Amino acid sequence: MRPLNYDIEIFSYALYKVLTKHCWVIKLGSFADVYTTNNILSGYTKCKELGVACKLFDEMTHRDSVSWNTMIAGCVNSGNFDTAWVFLKTMKRCGFDADGYTFGSILKGVAGAYRLGLGQQVHSTIVKMGYEGNVYAGSALLDMYAKCERVEDAYAVFQCIPERNSVTYNALIDGFVQVSDLGSAFWLLDCMEKEGVRLDDGSFAPLLTLLDDAAYYKLTMQMHCKIIKHGLAFDNTVCNATITSYAECGSLEDAKRVFEGAIGSRDLVTWNSMLAAYLVHEKELAFKLFVDMQGLGFEPDFYTYTSVISACFEKVHKDHGKSLHGLVIKRGLEKSVPISNALIAMYLKLNNKSMEDTLHIFDSMESKDRVSWNSMLTGFSQCGFSEYTLKLFAQMRSLLVEIDHYAFSAVLRSCSDLATLQLGQQVHVLAIKSGFTSNDFVGSSLIFMYSRCGIIEDAQKSFEETSKDSSITWNSIIFGYAQHGQGEFSLNFFFQMRERKVKLDHITFVAVLTACSHIGLVEEGHNFFKSMEIDYGIPPRMEHYACVVDLFGRAGRLLEAKTLVESMPFEPDAMVWKTLLGACRVCCDIELATEVASHLLELQPEEHCTYVLLSNMYGNLRRWDEKASVTRLMRESKVKKVPGWSWIEIKNEVHAFNAEDRFHPHCAEIYHRLGELMEEIKWLDSTASLDVIMPSFDHE
DNA sequence: ATAGGGTTAG
């Protein structure tokens, strides 16, 4: 049981004071001067009593520019930017000029609403009226540009302000932080020190958010020193940001030390920051902290819930995840969009290939944001429900949900899974129109789509359009050429990547090993595998072992494949066994196949491929009894062979078939034409002087 | 009596 909260606040003390003053003025009759009324007006706006303030403003017989400025500031600070703008217009019409106060307030509103166009209008008025150098108007203007991601403009404004103070600097620092320009942000900090402008909490907090990588650990420590030097070690905001920086640099110890030092001045953000730190490094302690903070009376907010929920992505934490879902319902937080989004993401990761829970949450959400839609889109796409991805995408478009790079990437991946070129091209056009083709994720999906649809030239073109400084797109183009059997090109890209000092990752090596295996470069592939940890610091994972098993297997070097699996530093998973089983089939080694299959049957008894493959191998060897026993085992395990499908896209419609399928409305014509084609092939075969290599139709 | 900046998730 949690204690009931009895201190329900009807009026804040501040509001009480304003009300008393107002009553007193009314009692005295209508002799209150503008000065006193403005004072009360301001009191109401500070208490967010905008309605009362408006009424009082209407009743005023004499208003001066302070009255107008107070109303504008009041509207902006309570989030009513449009009303503020109306007040500004009316003010001008009533013959009052805007001043530094007016510009400061209205620009704060413009910045909060990200209305760059309006901001530029205000800018021209400021210049016209000579307020460019006013530190309040100028700082607000600078901040508006910074928030609208126009940091160059912000800097231009900065240079027009003759006497800059901490606020001016801090706003510009944050502008550079927003565009991840660490260098400029630090340079400004130096300038402040040289010019003798006081560094305060607002100078450090935004900067610290950029120190989010192990590479910045030393820098973080240096910043921490500076913070202590400037007497800000116990400042709440700075402490909170420092905790996060240390955690993201990988030092839980330092984060903990700052957290412990902040005892007594901890707020909800402090707890949330430490929670996030623990979630990355020591999950069990995080769950404990989640309980502890509530014991101390801190009511979790959506930051708390989204962090702790998103940490439940592994099977071991499934119970925690479900409990948290229950807690969310119990506390009536289901309506929170970010929390629901976190739950969707959690179930997507926990429920392998099942969308049931996710769909349930998504459907019951009264309002959804872009993240909700994108999560579903990505979920469908990753679970292989490609048609649903496309349907959902169409729905998003008709509901005018903004399509961003996440959406494009997911839907393009589904197009590539379905190998539906025309649809893929349509989505590509949309992506061009909305300017997303240079995004790495979109670019990577485009490369996959074109490569999968057989047009490697267009995959290459899509690659050329990306920035080429992230491994994401390089990996995709390497995969693309590998898929097309042009492994030499793949390796060439790998070498270029190395030359350009693009950071390689574990996926790069999966791509390279795939390329080698597809063109039979056994030695080269094996060498890459051996050097990936030594020369590149990337330890081989399960999928790399699977690739090398495949590499040996395709080359008929079964013994080496087998030895590699035996030497693995961790237990092989189903993927590795499956690859080895494939190698056994190529090499017709039934003994090893039987052994490998036994591991697979244990790990994935529901997987029909294993039974079918083994049964076929016995069949080929005419070992009928054993074949029969495999078939029996399959029947006993209630496993059914899933027939393979083929499909073709004609005029933007997908026609799917499986063997001996007679359901298509144009079935008769199709089979007739098929018969003609077969005749043609036979005729070609009989007239060919060279050996015609017939494709072996694989119906397994 | 009226004005400008900053910390936590994904």
Side-chain angles (χ1 to χ4, degrees), chain A residues 21 32-46 63-74 76-77 98-111 131 134-144 146-147 154 157 161 164-175 177-178 199-209 232 235-245 247-248 262 267-277 279 300-311 337-339 341-342 344-346 369-372 374-375 406:
Chain A
K21 197 184 279 178
D33 55 5
V34 192
Y35 187 96
T36 314
T37 318
N38 281 344
N39 187 339
I40 297 170
L41 200 62
S42 158
Y44 279 132
T45 59
K46 292 228 165 75
R63 302 179 190 119
D64 61 7
S65 58
V66 175
S67 323
W68 287 99
N69 286 343
T70 307
M71 286 316 290
I72 292 172
V76 167
N77 290 329
D99 60 13
Y101 289 93
T102 326
F103 288 126
S105 298
I106 202 68
L107 282 167
K108 183 183 179 182
V110 174
Y131 278 95
N134 177 299
V135 70
Y136 285 97
S139 303
L141 184 62
L142 180 167
D143 181 56
M144 185 278 297
K147 288 218 167 59
V157 174
I161 306 172
R164 305 145 185 165
N165 60 20
S166 310
V167 177
T168 323
Y169 269 102
N170 294 352
L172 189 58
I173 290 179
D174 191 50
V177 168
Q178 293 312 314
L199 279 78
D200 64 10
D201 42 0
S203 325
F204 288 104
L207 231 161
L208 286 164
T209 62
L232 295 162
D235 180 275
N236 216 234
T237 313
V238 178
C239 267
N240 297 345
T242 314
I243 291 174
T244 306
S245 288
E248 307 220 304
D267 64 1
L268 188 55
V269 179
T270 321
W271 285 95
N272 285 345
S273 306
M274 198 59 221
L275 180 73
L279 284 171
D301 64 356
F302 80 92
Y303 282 104
T304 325
Y305 282 109
T306 50
S307 319
V308 76
I309 289 170
S310 62
V337 175
I339 294 181
N341 289 346
I344 288 179
M346 178 190 84
D369 67 1
R370 215 164 19 147
V371 178
S372 331
N374 286 343
S375 304
Y406 288 99

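A, B, ... follow the sequence lines: proteins, then strands. Residue 1 opens every chain. Keep in mind it's a predicted model, so treat the numbers as computed, not measured.
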In whole angstrom, give the distance that lies between atom [atom1] of [X] and atom [atom2] of [N].
| X | N | atom1 | atom2 | result |
| --- | --- | --- | --- | --- |
| A/Asn236 | B/dT7 | CG | P | 13 Å |
| A/Asp301 | B/dA9 | CG | P | 11 Å |
| A/Tyr131 | B/dA3 | OH | C1' | 12 Å |

message = Categorize A/Thr237 for me: base, sugar-phosphate, or nothing, with a 4.0 angstrom heavy-atom threshold over every strand shown.
response =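 The residue A/Thr237 makes base contact.
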ask   = Counting N and O atoms only, with roles assigned by atom type, does the side chain of A/Ser245 sit under 3.5 Å from a partner on the main chain of A/Ala241, one being a donor and the other an acceptor?
value = yes
ask   = Distance-only, no hydrogens or angles: does the A/Thr306 side chain make a donor-acceptor pair with backbone N or O of A/Tyr303 under 3.5 Å?
value =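 Yes; judged by distance alone, with no hydrogens or angles, the pair exists.
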task = Decide yes or no on side-chain hydrogen bond (donor to acceptor under 3.5 Å, both in side chains) for A/Ser67 and A/Asp64, but give the supporting numbers first.
result = CA-CA 5 Å; A/Ser67 323; A/Asp64 61 7; 2.9 Å; yes
When you measure from the side chain of [X], which nucleotide among [options] comes out closest?
| X | options | value |
| --- | --- | --- |
| A/Phe302 | B/dG4, B/dA1, B/dA9 | B/dA9 |
| A/Tyr101 | B/dT8, B/dG4, B/dT2 | B/dT2 |
| A/Tyr303 | B/dG4, B/dA1, B/dT8 | B/dT8 |
| A/Ser310 | B/dG10, B/dT8, B/dT7 | B/dG10 |
| A/Asn69 | B/dT8, B/dT2, B/dA1 | B/dT2 |
| A/Val371 | B/dT8, B/dG4, B/dG10 | B/dG10 |
| A/Tyr35 | B/dT7, B/dT2, B/dA1 | B/dA1 |
| A/Ser42 | B/dG4, B/dA3, B/dT2 | B/dT2 |
| A/Asn240 | B/dT7, B/dA9, B/dT2 | B/dT7 |
| A/Val269 | B/dG4, B/dA3, B/dT8 | B/dT8 |

query = Does any N or O donor sit under 3.5 Å from an N or O acceptor when you compare the side chain of A/Asn39 with the base of B/dA1?
reply = no
ask   = Going by 5.5 Å between centroids and 30° between planes, is there a stack of A/Tyr136 over B/dG4?
value = no
request  = Could you grab the distance from atom CD1 of A/Ile339 to atom CD1 of A/Ile344, nearest 0.5 Å is fine?
outcome  =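 The CD1 atom of A/Ile339 sits 12.5 Å away from the CD1 atom of A/Ile344.
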note = So CG of A/Asp235 and CG of A/Asp200: to nearest 0.5 Å the spacing works out to 8.5 Å
